[in-house]
Amino acid sequence: MVLNPALVASVEAARQDFIETAKGLSHAQSRWSPDGKWSIAQIVEHVVWADQGMMVGTFRALEDHMSGRGMRKEDNPHHG
């Protein structure tokens with residue numbers, strides 16, 4: 001398997017930009033939200049959990065592919 005260095009660098013840069021932007025906010029700024037919308041803190045939390053879930057799923061799929069097992073249907077939330 002060959003990784004595309006430009007894509008990896010792009011993901012790393014986007015993640016770092018996201019962190020730096022969020023890090024520069026005050027507590028009040030991070031908690032503010034427009035009517036009925038998520039606050040920046042809620043958005044950051046969502047992105048962190050989604051990123052972690054995506055990484056776990058990606059590595060599971062890669063392990064399954066490399067071992068010849070195919071997709072794990074029993075723990076696939078979209079199965080069926």
Side-chain angles (χ1 to χ4, degrees):
M1 173 183 213
V2 178
L3 295 177
N4 181 324
L7 289 177
V8 172
S10 176
V11 169
E12 288 174 349
R15 180 176 280 134
Q16 193 58 41
D17 287 347
F18 181 78
I19 291 167
E20 290 301 317
T21 299
K23 196 185 325 182
L25 298 172
S26 70
H27 180 76
Q29 288 172 321
S30 71
R31 299 291 182 204
W32 180 85
S33 66
D35 296 329
K37 306 293 182 189
W38 285 10
S39 69
I40 293 171
Q42 290 170 313
I43 293 168
V44 168
E45 179 183 21
H46 176 77
V47 169
V48 168
W49 282 112
D51 185 59
Q52 182 178 0
M54 184 273 310
M55 291 302 295
V56 168
T58 298
F59 282 104
R60 276 187 180 173
L62 181 59
E63 289 170 357
D64 290 347
H65 173 73
M66 292 176 75
S67 70
R69 277 192 301 248
M71 192 163 97
R72 298 179 196 191
K73 291 184 174 42
E74 67 276 1
D75 63 354
N76 178 356
H78 306 293
H79 179 67

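Throughout, numbering of the chain's residues begins at 1 and tracks the sequence.
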Participant: Tell me, please, which residues at least two apart from E20 pass salt bridge (charged side-chain N to carboxylate O under 4.0 Å, His left out).
Facilitator: K23
Participant: What's the separation between atom CD in E12 and atom CG in D17, rounded to the nearest 0.5 Å?
Facilitator: 12.0 Å
Participant: Hey, could you give me the CE/OG1 distance between M54 and T58, rounded to the nearest 0.5 Å?
Facilitator: 5.0 Å
Participant: Within this structure, what is the OG-CD distance for the pair S30 and Q42, rounded to the nearest 0.5 Å?
Facilitator: 10.0 Å
Participant: Considering residues at least two apart in sequence or located in another chain, which fulfil the ring pair (Phe, Tyr, Trp, His ring centres under 6.0 Å) criterion with W32?
Facilitator: none
Participant: Would you compute the distance between atom CE of M66 and atom CG of D64 and round it to the nearest 0.5 angstrom?
Facilitator: 11.5 Å
Participant: Under 3.5 Å, side chain of Q52 to main-chain N/O of W49, donor-acceptor pair present?
Facilitator: no
Participant: Between Q29 and I40, what is the shortest heavy-atom contact and its length?
Facilitator: O-CD1, 4.0 Å
Participant: Using the salt bridge (charged side-chain N to carboxylate O under 4.0 Å, His left out) criterion, which residues pair with R31? Sequence neighbours excluded.
Facilitator: none
Participant: If hydrophobic clusters are built by linking Ile, Leu, Val, Met, Phe, Trp and Tyr wherever their side-chain heavy atoms come under 4.5 Å apart, do V44 and L25 end up in the same one?
Facilitator: yes
Participant: Are V48 and W38 connected in a single hydrophobic cluster, I mean Ile/Leu/Val/Met/Phe/Trp/Tyr linked by side-chain heavy atoms less than 4.5 Å apart?
Facilitator: yes
